[in-house]
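Following: one structure in structure tokens, then a few remarks.
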Amino acid sequence: MSMSVYSRFKREPSGFRALVELLESTPPSRRQKMIDVGMKEDPEYTKKAMAYVFSFQDILALADMELAEVLSKVPGKIVGFALHGLDSEIQKKCIGLMKPPGMGEAKEFLDATAGNNEINGARLKVISTARELEKRGFVKSKRIPENP
């Protein structure tokens with residue numbers, strides 16, 4: 001990210017939201033590089049953006065009704081892959097909040113073999129779904145302000 005790219009986010013009225021969403025949707029290894037550049041360029045703005053970035057753990061910590069809403073909008077296959085490697089209690093809770101068709105699919109893919117790319121990709125999809133629901137007012141956590 002060059003200086004001009006970062007300043008574009010500051011110029012646009014929706015730039016702060018765009019930066020947060022870009023950070024959320026970028027795989028962790030590349031995201032860290034973006035954060036490092038941002039911290040050199042404008043640490044205050046970068047820290048402010050990071051405060052609103054959803055992590056997968058943030059999604060899992062949502063209130064049950066909000067988490068159920070997010071999970072209902074994500075295909076069961078994606079939920080199954082996203083839950084790989086997590087504590088069995090968390091897996092049971094998430095699958096229990098799903099509606100029947102997705103629930104079965106999530107269980108099926110939870111037991112399927114998945115690589116890190118599939119797991120990370122699935123988690124990014126869950127995060128982007130939660131962010132869409134935040135925009136529409138269904139998820140209250142980490143609401144991005146218009147003018148930070």
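- In summary, the aromatic rings of F16 and Y45 are positioned with their centroids under 6.0 Å apart.
- A salt bridge links E24 with R131: the closest approach of a Lys/Arg side-chain nitrogen to an acidic carboxylate oxygen falls below 4.0 angstrom.
- Linking ILVMFWY residues whenever their side-chain heavy atoms come closer than 4.5 Å, directly or via other members, places M103 and L67 in the same cluster.
- The CG atom of L124 sits 13.5 Å away from atom CZ of F54, with the distance rounded to the nearest 0.5 Å.
- When all heavy atoms of A122 and A82 are compared, the pair lying nearest together is CB-N, 3.6 Å.
- A heavy-atom distance below 4.5 Å is found between the side chains of R17 and E134.
- The existence of a salt bridge linking R8 and E12 is excluded, since no basic side-chain nitrogen approaches an acidic carboxylate oxygen closer than 4.0 Å.
- Between L23 and V20, every side-chain heavy-atom pair lies at or beyond the 4.5 Å cut-off.
- Within 6.0 Å of NZ on K142 lie more than 12 heavy atoms contributed by other residues, nucleotides or ligands.
- In terms of hydrophobic clustering, with Ile, Leu, Val, Met, Phe, Trp and Tyr side chains grouped at heavy-atom distances under 4.5 Å, M50 and I144 are assigned to a common cluster.
- With contacts defined as side-chain heavy-atom distances shorter than 4.5 Å, the pair D42/K10 qualifies.
- Hydrophobic clustering of Ile, Leu, Val, Met, Phe, Trp and Tyr side chains at less than 4.5 Å, counting indirect connections, unites L62 with V79.
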All N/O donor-acceptor pairs, side-chain side in residues 112-121, below 3.5 Å, sequence neighbours left out:
{"unit_1": "E118", "atom_1": "OE1", "unit_2": "G115", "atom_2": "N", "d": "2.9"}
{"unit_1": "N120", "atom_1": "ND2", "unit_2": "N116", "atom_2": "O", "d": "3.3"}

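- Remark: S55 engages D58 in a side-chain hydrogen bond (donor to acceptor under 3.5 Å, both in side chains) (not counting sequence neighbours).
- Checked by atom type, the side-chain pair D87/Q91 shows no donor-acceptor distance below 3.5 Å.
- Side chains of L22 and M34 form a contact here, defined as non-hydrogen atoms less than 4.5 Å apart.
- Annotation: the span from I59 atom CD1 to I127 atom CD1 amounts to 6.0 Å, rounded to 0.5 Å.
- A side-chain donor-acceptor contact under 3.5 Å links R31 to the backbone of T26.
- In this structure, the separation between NZ on K93 and OG on S88 is 13.5 Å, given to the nearest 0.5 Å.
- Nearest heavy atoms, H84 versus G80: CD2-O, 3.3 Å.
- Rounding to the nearest 0.5 Å gives a distance of 14.0 Å between CD of E21 and OH of Y52.
- With rounding to the nearest 0.5 angstrom, the CD atom of E105 is 8.5 Å from the CD1 atom of I78.
- Using a 4.5 Å cut-off on side-chain heavy atoms (C-beta onward), K47 and M39 make contact.
- Environment of CZ in R30: sparse, with no more than 12 heavy atoms of neighbouring residues, nucleotides or ligands closer than 6.0 Å.
- The shortest side-chain heavy-atom distance between L86 and L83 falls under the 4.5 Å cut-off.
- With contacts defined as side-chain heavy-atom distances shorter than 4.5 Å, the pair T46/E41 does not qualify.
- In this structure, F109 belongs to a hydrophobic cluster whose other members, linked by side-chain heavy atoms under 4.5 Å apart, are F81.
- Distance CG/L71 to NZ/K99: 9.5 Å, rounded to 0.5 Å.
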